[in-house]
Structure formats: C-alpha cells, structure tokens
Amino acid sequence: MELHVHVLTILLLISARPPSIAGGLCRDSCGDVPVRYPLGIDDGCGSPYYRSMLTCTDNTTLRLRTPSGTYPVSGADYADPHLVVTDPSMWTCARPFTSVHAAPFSLDTSTRFTLSPRNDHLFFNCDEDRVIVAPRPAICDRYPDRCDSACDNAGYLCRNLPGCRDALDEGNMTCCTYQPRAAESLRTMMRHCEAYTSVYWRAVGDKFPPYDQVPDYGVRVDFEIPVTTRCLQCQDRRRGANGTCGFDPLTRDFVCICGNGRNSTTDCADVGGSGHGASAGVVAASVVFSISAAIGIGGLVMYIRKMRSNKVVTCGVQSNENRFF
C-alpha cells in the first residue's frame with residue numbers, strides 16, 4: 001500500500017508540472033547598455049554559456065558576476081565582442097588617492113569570458129622589498145613570457161595617466177605597470193601595493209592600428225559569440241524570422257523566441273496564425289497531458305481499491321473464507 005501511495009504522489013507532481021519552454025520576451029538593453037545574443041539578462045535568453053552571469057539592477061545598471069564580486073558594466077560592443085567593466089575599488093583621477101586593500105577584479109576561467117590583452121594594470125606605492133620594480137627590458141616586447149615577474153616603473157601609462165598626467169608627481173606616488181598571467185598574480189600584487197587601477201586601450205577608429213587606440217579607465221572583458229545555424233535562421237530578417245535566440249531553462253535546448261511570447265524550435269517564420277499560436281499549442285498540450293495523467297491516476301486508484309477488496313486476511317479471526325488450508 002505504501003508503494004502505491006508513492007506512485008500516486010509522483011503522478012500528481014508530474015501532472016502539475018508546467019511544460020518546459022522559454023517564454024516571454026527578452027530585454028534588449030539595461031540602461032544605456034545594449035544586451036544582445038549571446039548575452040542575456042532574462043533566464044532563457046541568449047546563450048546558456050552566459051546564463052545568470054549578467055543582472056540588470058532597477059532596469060538601469062548592468063552588472064557582471066565574477067568570483068571577486070559583482071561589477072557595473074559601462075559599455076558593450078558586439079562587432080568587436082567585449083564588455084567594459086568598472087571596478088569601484090580602482091583608483092582614478094576623479095577621486096583623491098586612498099589606500100584600498102581590496103580584491104582586484106578577476107574572472108572565472110571556466111566561462112567564455114576572458115580578460116583582454118588590451119588591459120594594463122597599474123599599481124601604486126608598492127613595497128619594493130616584496131615587488132620587483134624595474135624598467136621593462138626591450139626583450140620583453142619580443143618575449144613577454146620571460147618578464148612576468150617584474151613591474152615596469154618606466155611604462156608609458158605611469159607617465160601619462162588618463163585625465164591626470166601629473167597626478168603621480170603631485171601626490172609623490174610611485175607607479176608601475178604589470179601584466180599578470182592569472183588572477184592570483186593580481187591578488188599577490190595587491191597584498192604589497194596600496195592601490196591599483198586598470199586601463200584598457202579603447203579603439204577610436206580614426207587612424208590605423210595601433211594608433212587608433214587611446215587609454216581609458218576600466219577592465220575590458222572579451223567574450224565569444226557561439227555561431228549556430230539555428231540561431232542564424234532565427235535572426236534572419238530576410239526570411240521574416242526576426243526572432244531572438246534563446247534556450248529552454250530546464251533542458252538548455254535551443255529556442256527561437258518570437259514576438260508576443262511565441263516560441264519555436266527553428267525560427268519565427270514557421271509560426272503561423274495569430275500571435276498566440278504557440279501559446280495555444282502549449283496550452284493544448286498541457287490540457288492533453290493533464291487529462292492523460294488524470295486517467296492514469298483514476299485507473300491507479302481503482303486498481304488499489306480492487307487489491308484492497310481481494311486482499312487475503314492473514315491476522316485476526318480466521319473463517320472458512322480466509323483460511324490458507
């Protein structure tokens with residue numbers, strides 16, 4: 001009897017479970033920052049590789065989640081795929097210099113996000129008994145792997161901080177530029193330096209590389225755009241598709257999210273009828289599934305009653321009807 005009760009409970013839970021499908025519309029911006037495939041701020045939107053890594057606070061501030069914290073995103077580019085992230089613990093010319101021993105920005109290496117090689121990390125007032133502070137040899141430009149342990153105090157950025165060229169001389173601060181191989185190197189540097197900042201080289205596009213880049217405060221985070229045939233078909237406006245690539249939150253299978261909350265496994269051009277066609281199909285499937293579950297449950301209840309009525313009595317007073325022999 002106890003086994004039958006467990007089976008009945010499982011069937012009830014299955015019949016109450018809604019169908020698995022990515023529904024609703026995907027927001028295409030957060031504040032002034034555009035949000036497009038493969039990124040998403042709504043579950044089921046974008047690529048599952050970037051699921052739950054971006055949040056939108058009060059529909060105004062896009063934030064990136066990393067092992068070292070949650071950071072505001074000030075910009076996004078999809079032609080040259082990257083985000084620009086701001087670390088509130090970084091020192092910039094916009095505020096007075098203060099000693100901040102906070103964990104520097106870092107990324108989870110298992111994700112599709114990577115720190116761009118266009119980033120330069122500047123460290124201030126380092127303990128030279130613990131940190132090798134020296135001019136970067138010319139050989140390092142050709143063999144950068146041989147110079148990872150030194151912090152360059154003769155770099156261009158230390159002499160030309162964006163927005164405050166002479167700030168270091170006026171504040172009697174020391175500076176060196178460091179390009180770490182891993183986040184652990186940054187954490188080690190922060191234990192022996194009073195503050196840090198990150199500068200990335202922003203492309204302005206009015207000259208030929210590399211002269212088309214200017215330094216700016218922030219951390220450039222590159223990302224990959226997974227290209228699939230189904231996603232290209234979903235977004236193809238020439239075919240009248242004009243959908244948004246997404247995924248099923250439960251199965252992570254591809255879903256083409258169309259207008260008015262419609263969904264398709266291919267593209268929006270194959271979703272005919274009114275704007276509620278797909279929703280009606282889902283409702284119909286749910287009704288059929290619920291009816292089938294109800295029939296199964298009813299049959300199980302009748303079977304249990306029949307077993308109880310025919311059950312042999314093995315305790316109590318025996319009679320001619322319930323004797324074993």
Side-chain angles (χ1 to χ4, degrees), residues 19-57 59 61-87 103-119 180-184 186 198 200 203 218-237 241-259 261-268:
S20 172
I21 191 165
L25 297 177
C26 299
R27 288 175 286 177
D28 57 6
S29 66
C30 180
D32 298 329
V33 181
V35 179
R36 303 172 192 162
Y37 182 85
L39 307 180
I41 51 179
D42 301 297
D43 198 18
C45 298
S47 169
Y49 293 126
Y50 301 97
R51 183 180 188 180
S52 301
M53 299 195 69
L54 290 171
T55 61
C56 185
T57 306
N59 290 323
T61 305
L62 185 66
R63 293 182 176 273
L64 174 66
R65 291 172 172 165
T66 77
S68 57
T70 304
Y71 301 91
V73 177
S74 59
D77 191 320
Y78 296 87
D80 177 19
H82 71 272
L83 301 175
V84 178
V85 179
T86 303
D87 183 355
F105 178 86
S106 64
L107 284 175
D108 184 354
T109 56
S110 65
T111 67
R112 300 297 178 98
F113 286 118
T114 57
L115 281 175
S116 172
R118 296 188 185 181
N119 293 315
R181 295 182 187 177
E184 182 59 34
L186 284 177
S198 178
Y200 75 102
V219 182
R220 172 173 166 144
V221 178
D222 295 339
F223 61 87
E224 303 173 12
I225 299 181
V227 179
T228 63
T229 302
R230 288 186 295 179
C231 185
L232 293 176
Q233 292 176 347
C234 175
Q235 296 175 325
D236 191 357
R237 297 187 178 184
N242 198 23
T244 301
C245 299
F247 61 94
D248 188 307
L250 294 179
T251 65
R252 297 170 67 94
D253 293 335
F254 174 81
V255 172
C256 184
I257 302 174
C258 311
R262 298 181 300 172
N263 300 280
S264 170
T265 57
T266 54
D267 57 61
C268 299

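In this text the structure is predicted, and so the values were computed from the model without any measurement.
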Hey, what do you get for CZ (R112) to CG (L107), rounding to the nearest 0.5 Å?
14.5 Å
With R220 as reference, evaluate D80, L83, L115 under the side-chain contact (heavy atoms from CB on, under 4.5 Å) test and give the passing residue.
D80
Between C256 and C245, does the SG-SG distance stay under 2.5 Å?
no
Validation row: I257, C45 side chains within 4.5 angstrom (heavy atoms)
yes
Run the salt bridge (charged side-chain N to carboxylate O under 4.0 Å, His left out) test against D87 and tell me which residues pass, sequence neighbours left out.
none
Output all residues satisfying ring-ring contact (aromatic ring centres under 6.0 Å, His included) with Y71, sequence neighbours left out; order by chain, then residue number.
F105
Nearest 0.5 angstrom please: D43 CG to I41 CD1, how far?
12.0 Å
Hits for side-chain contact (heavy atoms from CB on, under 4.5 Å) against T109, two or more places apart or cross-chain, chain-then-number order -> none
OG1 on T66 to CZ on F113, rounded to 0.5 Å
10.5 Å
Could you tell me which non-hydrogen atom of G44 sits nearest to which non-hydrogen atom of P249, and how far apart they are?
CA-CG, 4.2 Å
Y49: ring-ring contact (aromatic ring centres under 6.0 Å, His included) partners, not counting sequence neighbours:
none
Any chance you could measure T114, atom OG1, to N119, atom CG, to the nearest 0.5 Å?
9.5 Å
R65 to T70 - nearest heavy-atom pair and separation
CG-OG1, 4.0 Å
Side chain of S198, backbone of G218: donor and acceptor closer than 3.5 Å?
yes
My understanding is that only residues two or more places apart in sequence, or in another chain, count here; which of them pass ring-ring contact (aromatic ring centres under 6.0 Å, His included) with F223?
Y78
Treating S47 as the side-chain partner and Y50 as the backbone partner, does any N or O pair qualify as donor plus acceptor under 3.5 Å?
no
Judged by atom type as modelled, is there a donor-acceptor pair below 3.5 Å linking the side chain of D42 to the main-chain atoms of C26?
no
Sequence neighbours left out, cut at 3.5 Å: what donor-acceptor pairs do the side chains of residues 31-40 make with other protein atoms?
from: Y37; atom 1: OH; to: P226; atom 2: O; distance (Å): 3.0

Take D108 and M53, measure what side chain to side chain contact (heavy atoms under 4.5 Å, CB included) needs, and give me the verdict at the end.
CA-CA 11 Å; D108 184 354; M53 299 195 69; 5.6 Å; no
Just wondering, do V84 and V73 contact through their side chains at under 4.5 Å, heavy atoms?
no
Mind checking the SG-CG spacing from C231 to D236? Nearest 0.5 Å is all I need.
11.0 Å
To the closest 0.5 Å, what do you measure between NE2 (H82) and OH (Y200)?
6.0 Å
